[in-house]
Engineer: 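Pasting a structure here, questions to come.
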Amino acid sequence: MGIAEIEAARELLAGVTRATPVARSRALGEAAGGPVWFKCENLQRTGSFKIRGAFTRLARLSDAERARGVVAASAGNHAQGVALAAQLLGIDATVFMPAGAALPKVEATRGYGAHVRLGGGSVDEALVGALEHAERTGAVLIHPFDHPDVIAGQGTVGLEILEQVPDVATVLVATGGGGLLGGVAGAVKAYRPEVRVVGVQAAGAAAWPGSLAAGEPIALGGMRTIADGIAVGRPGDVTYRQVEALVDEFTVVGEDALSRALLFSLERAKMLVEPAGAAPVAALLDAPARFRPPVVAVLSGGNVDPLVLLHVIQNGMAATARYLSLVVRIGDRPGALAALLTRVGELGANVIDVEHTRVSATVPMGEVDVAVSLEMRGPEHCRELVTALRGAGHRVTVTGVPEGDPRLGA
């Protein structure tokens with residue numbers, strides 16, 4: 001995808017999409033040794049970059065194609081982008097979404113005027129329905145990433161980055177099928193070929209490293225990640241050629257890193273991002289010195305189900321040692337539980353919930369197990385509390401952390 005197509009897409013999108021702002025992260029900048037900026041596509045219309053590619057694709061349909069309508073398959077962001085683009089252009093749109101798609105995303109897609117069909121357990125299964133609909137009705141299938149017009153539209157993000165951070169040295173982009181990454185790389189490399197463009201994938205859905213090693217798109221056997229926005233099992237044929245030619249490297253991030261990044265974005269940057277959108281932040285938190293500053297991390301979307309957000313925040317707090325779950329064995333006598341909780345309070349922990357088990361095949365007579373969840377201040381605070389309780393003679397089991405974690409104490 002050449003720069004001429006991307007520049008043309010920007011003209012097409014004038015007045016439709018917004019030039020999203022960049023926000024500086026001083027905390028990450030200190031860790032990285034230079035400026036770090038967030039490109040806030042979570043503040044784009046529909047809550048993600050997808051409207052850029054969707055509108056570009058739909059606007060270039062012929063009159064005959066527009067009359068037949070369009071169809072798409074998506075779990076959320078692409079669905080909303082296609083729905084809004086179709087509404088703006090007066091095109092009938094049908095969107096197939098997985099049965100388990102987040103309700104806010106389903107309702108937003110309907111709110112933009114699209115006909116929503118729910119079915120299947122994944123986007124791949126929804127795509128089957130979309131393909132059948134296209135064959136039956138003649139509707140034009142709008143692919144979420146694997147089309148030159150879509151890539152060109154997403155590439156306008158790269159043009160804005162170059163204008164807003166002219167001295168940028170590294171651009172980090174969350175990557176699923178490769179439309180955003182390929183578009184950004186096409187724009188950046190055309191004007192600043194020395195800038196490193198890095199794709200960031202979730203470890204549980206990392207199709208790109210293996211595909212690039214094989215020299216062709218290779219499908220994953222399965223995926224498991226909270227970052228549903230970049231959970232794509234196979235790179236596109238069109239995006240593969242673009243990414244292979246222009247992108248400098250890939251990195252992968254784990255689920256805990258994604259949770260920490262979402263929490264960091266909320267607390268430190270005051271940015272609501274979905275797990276996929278937080279992937280570049282996760283890469284920076286994992287290895288801030290790896291990327292030459294100034295760094296621009298693209299926050300690709302902010303459409304997150306409130307229930308998922310709650311779960312991810314809790315997981316992120318656990319990953320940063322601000323939650324601690326213990327099982328403490330104490331004597332079965334009056335006042336023992338109160339004494340334990342008093343001591344926990346004296347050590348500065350806040351009790352979230354307690355479960356007191358007196359009858360169990362695994363607990364000896366005369367003793368009880370107390371499962372307690374605590375709000376903590378970080379790894380050192382966890383270590384101090386566990387060490388203190390064990391020093392008082394209690395048998396303490398820390399749950400939900402790996403062997404060697406500092407929260408295990410002495």
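All heavy atoms count here, side chains included; hydrogens, waters and symmetry mates do not.
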Engineer: Does any pair with a residue in residues 257-268 pass side-chain hydrogen bond (donor to acceptor under 3.5 Å, both in side chains), and if so which ones, sequence neighbours excluded?
Structural biologist: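 Sorted pair list: Ser259-Asn315, Arg260-Asp286, Glu267-Arg322.
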Engineer: Heavy atoms, side chains only, cut-off 4.5 Å: are Thr225 and Ile230 in contact?
Structural biologist: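 Sidechains of Ile230 and Thr225: no contact.
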Engineer: Examine distances only and state if a side-chain atom of Glu132 and a backbone atom of Gly129 form a donor-acceptor pair shorter than 3.5 Å.
Structural biologist: no
Engineer: Give the C-alpha distance, both sets of side-chain angles, the deciding distance and a yes or no for side chain to side chain contact (heavy atoms under 4.5 Å, CB included) between Val295 and Leu284.
Structural biologist: CA-CA 9 Å; Val295 178; Leu284 281 164; 4.2 Å; yes
Engineer: Short question: side chain of Thr175, backbone of Gly178 - any donor-acceptor pair under 3.5 Å?
Structural biologist: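 Not confirmed, Thr175 side chain does not pair with Gly178 backbone.
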Engineer: Distance from Leu12 atom CG to Leu58 atom CG, nearest 0.5 Å?
Structural biologist: 10.5 Å
Engineer: Does Thr251 form a side-chain hydrogen bond (donor to acceptor under 3.5 Å, both in side chains) with Arg290? I'd like the steps, not just the answer.
Structural biologist: CA-CA 11 Å; Thr251 188; Arg290 175 178 172 180; 2.9 Å; yes
Engineer: After noting the C-alpha distance and the side-chain angles of Val247 and Leu212, does the key distance pass the side chain to side chain contact (heavy atoms under 4.5 Å, CB included) rule?
Structural biologist: CA-CA 11 Å; Val247 173; Leu212 291 169; over 6 Å; no
Engineer: Can any side-chain N or O of His147 pair as donor or acceptor with the backbone N or O of Asp149 at less than 3.5 Å?
Structural biologist: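 Yes; at least one donor-acceptor contact below 3.5 Å.
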Engineer: Take atom NE2 in His356; do more than 12 heavy atoms of anything else shown fall under 6.0 Å from it?
Structural biologist: yes
Engineer: Minimum heavy-atom separation for Pro98 and Leu118, please, with both atom names.
Structural biologist: O-CD2, 3.7 Å
Engineer: How would you list all residue pairs meeting salt bridge (charged side-chain N to carboxylate O under 4.0 Å, His left out) that involve residues 185-205, not counting sequence neighbours?
Structural biologist: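 The answer is Lys189-Asp248, Arg192-Glu194, Arg196-Glu249.
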Engineer: Quick check: closest heavy atoms across Ile352 and Leu374, and the distance to 0.1 Å?
Structural biologist: CD1-C, 3.8 Å
Engineer: Can you see which heavy atom on Ser300 is nearest to which on Leu180, and at what distance?
Structural biologist: CB-CD2, 3.9 Å
Engineer: For Gly121, does its backbone N or O pair with a side-chain atom of Glu125 as donor and acceptor, under 3.5 Å?
Structural biologist: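 Side chain of Glu125 to backbone of Gly121: a pair is present.
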Engineer: Between Met97 and Ser74, does the side chain to side chain contact (heavy atoms under 4.5 Å, CB included) criterion hold? Intermediate values first, please.
Structural biologist: CA-CA 5 Å; Met97 304 182 74; Ser74 168; 5.6 Å; no
Engineer: Are any of the side-chain nitrogens in Arg10 or Glu163 under 4.0 Å away from the carboxylate oxygens of its partner?
Structural biologist: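 Salt bridge: yes.
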Engineer: What I'd like to find out is whether the side chain of Leu28 reaches to under 4.5 Å of the side chain of Phe264, using heavy atoms alone.
Structural biologist: yes
Engineer: Kindly state each residue pair satisfying salt bridge (charged side-chain N to carboxylate O under 4.0 Å, His left out) with at least one member in residues 206-232, sequence neighbours excluded.
Structural biologist: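 Qualifying pairs: Lys105-Asp228.
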Engineer: Determine, step by step, whether Thr17 and Gln44 satisfy the side-chain hydrogen bond (donor to acceptor under 3.5 Å, both in side chains) criterion, reporting the C-alpha distance in whole Å, the side-chain angles of both residues, the deciding distance to 0.1 Å, and the verdict.
Structural biologist: CA-CA 7 Å; Thr17 59; Gln44 185 57 262; 4.8 Å; no
Engineer: Would you compute the distance between atom CZ of Phe49 and atom CG of Leu299 and round it to the nearest 0.5 angstrom?
Structural biologist: 12.5 Å
Engineer: Do side-chain atoms of Glu355 reach the backbone of Val370 as a donor and acceptor pair under 3.5 angstrom?
Structural biologist: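 The answer is no, because no donor-acceptor pair under 3.5 Å joins these two groups.
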Engineer: Hey, are Glu41 and Thr20 close enough side-chain-wise for a donor-acceptor pair under 3.5 Å?
Structural biologist: yes
Engineer: Sequence neighbours left out, cut at 3.5 Å: what donor-acceptor pairs do the side chains of residues 80-91 make with other protein atoms?
Structural biologist:
{"unit_1": "Gln80", "atom_1": "NE2", "unit_2": "Gly76", "atom_2": "O", "d": "3.3"}
{"unit_1": "Gln87", "atom_1": "NE2", "unit_2": "Tyr112", "atom_2": "O", "d": "3.1"}

Engineer: Listed by chain and number, what are the side-chain hydrogen bond (donor to acceptor under 3.5 Å, both in side chains) partners of Asp92, not counting sequence neighbours?
Structural biologist: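 Only His115 meet the side-chain hydrogen bond (donor to acceptor under 3.5 Å, both in side chains) criterion with Asp92.
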Engineer: Enter the distance from Leu385:CG to Glu380:CD here, rounded to the nearest 0.5 Å.
Structural biologist: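 Answer for the CG-CD pair, Leu385 versus Glu380, is 11.5 Å.
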Engineer: Are the side chain of Gln154 and the backbone of Val184 linked by a donor-acceptor contact shorter than 3.5 Å?
Structural biologist: no
Engineer: Can a donor-acceptor pair be found, under 3.5 Å and without considering hydrogens, that links the side chain of Ser211 to the backbone of Ile218?
Structural biologist: yes
Engineer: For Arg343, what residues pass the side-chain hydrogen bond (donor to acceptor under 3.5 Å, both in side chains) criterion, not counting sequence neighbours?
Structural biologist: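 With sequence neighbours excluded, Arg343 shows a side-chain hydrogen bond (donor to acceptor under 3.5 Å, both in side chains) to Glu346, given in chain and number order.
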Engineer: Closest heavy-atom contact between Ala174 and Ala279?
Structural biologist: CB-CB, 4.0 Å
Engineer: Measuring from atom NE2 of His394 to atom CG of Leu326, what distance do you get when rounded to the nearest 0.5 angstrom?
Structural biologist: 11.5 Å
Engineer: Kindly write out the residues that satisfy ring pair (Phe, Tyr, Trp, His ring centres under 6.0 Å) with Phe250, not counting sequence neighbours, or none if the list is empty.
Structural biologist: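 Ring pair (Phe, Tyr, Trp, His ring centres under 6.0 Å) list for Phe250, sorted by chain: Trp208.
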Engineer: Please tabulate, for the side chains in residues 166-173, all donor-acceptor contacts under 3.5 angstrom to protein atoms that are two or more places apart in sequence or on a different chain.
Structural biologist:
{"unit_1": "Thr170", "atom_1": "OG1", "unit_2": "Arg292", "atom_2": "N", "d": "3.4"}
{"unit_1": "Thr170", "atom_1": "OG1", "unit_2": "Arg292", "atom_2": "O", "d": "2.7"}

Engineer: Measure from the side-chain N and O atoms of Asn350 to the backbone N and O of Met376, and report whether any donor-acceptor pair falls under 3.5 Å.
Structural biologist: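 Flag not set: sc Asn350 to bb Met376 has no pair under 3.5 Å.
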Engineer: Can you see which heavy atom on Phe291 is nearest to which on Ala283, and at what distance?
Structural biologist: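 Taking every non-hydrogen atom into account, CE1-O, 3.7 Å.
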Engineer: Could you check whether Glu160 pairs with Arg52 (Lys NZ or Arg NE/NH1/NH2 to Asp/Glu carboxylate O, under 4.0 Å)?
Structural biologist: yes
Engineer: I'd like to know if the side chain of Gln201 reaches the main chain of Ala207, judged simply by a donor and an acceptor atom lying under 3.5 Å from each other, with no hydrogens or angles considered.
Structural biologist: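 Checked: pair present.
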Engineer: Give, for atom CD1 of Ile330 and atom CG of Asp369, the distance between the pair rounded to the nearest 0.5 Å.
Structural biologist: 9.0 Å
Engineer: Does Glu135 have more than 12 heavy atoms from other residues, nucleotides or ligands lying within 6.0 Å of its CD?
Structural biologist: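 Counting neighbours around CD of Glu135, 12 or fewer heavy atoms of other residues, nucleotides or ligands fall under 6.0 Å, so no.
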Engineer: Side-chain contact, heavy-atom cut-off 4.5 Å: Leu266 with Leu309?
Structural biologist: yes
Engineer: State the CD1-OH distance between Ile161 and Tyr191, to the nearest 0.5 angstrom.
Structural biologist: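 If we round to the nearest 0.5 Å, Ile161:CD1 and Tyr191:OH are 14.5 Å apart.
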Engineer: How close do Thr320 and Leu263 get, counting heavy atoms only, and between which atoms?
Structural biologist: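 Looking at all heavy atoms of both residues, the closest pair is OG1-CD2, 4.3 Å.
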Engineer: According to ring pair (Phe, Tyr, Trp, His ring centres under 6.0 Å), who are the partners of His143, at least two apart in sequence or on a separate chain?
Structural biologist: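 Scan of His143 (ring pair (Phe, Tyr, Trp, His ring centres under 6.0 Å), adjacent residues dropped) gives Phe145.
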Engineer: Using the salt bridge (charged side-chain N to carboxylate O under 4.0 Å, His left out) rule, collect all pairs that involve residues 26-36, keeping only residues at least two apart or in two chains.
Structural biologist: none
Engineer: Apply side-chain hydrogen bond (donor to acceptor under 3.5 Å, both in side chains) to Asn303 and list each qualifying residue two or more places apart in sequence or on a separate chain.
Structural biologist: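 For Asn303, the residues satisfying side-chain hydrogen bond (donor to acceptor under 3.5 Å, both in side chains) (neighbours in sequence not counted) are Asn77.
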Engineer: One pair to check against side chain to side chain contact (heavy atoms under 4.5 Å, CB included): Leu246 and Val197. What are the steps and the verdict?
Structural biologist: CA-CA 8 Å; Leu246 297 176; Val197 178; over 6 Å; no
Engineer: Under 3.5 Å, is there a donor-acceptor pair between the side chain of Arg329 and the main chain of Val396?
Structural biologist: no
Engineer: Would you indicate whether the side-chain heavy atoms of Ile151 and Val238 approach each other to under 4.5 Å?
Structural biologist: yes
Engineer: Sequence neighbours left out, what passes side-chain hydrogen bond (donor to acceptor under 3.5 Å, both in side chains) with Arg24? Give chain and number order.
Structural biologist: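 With neighbours one apart ignored, the set is empty.
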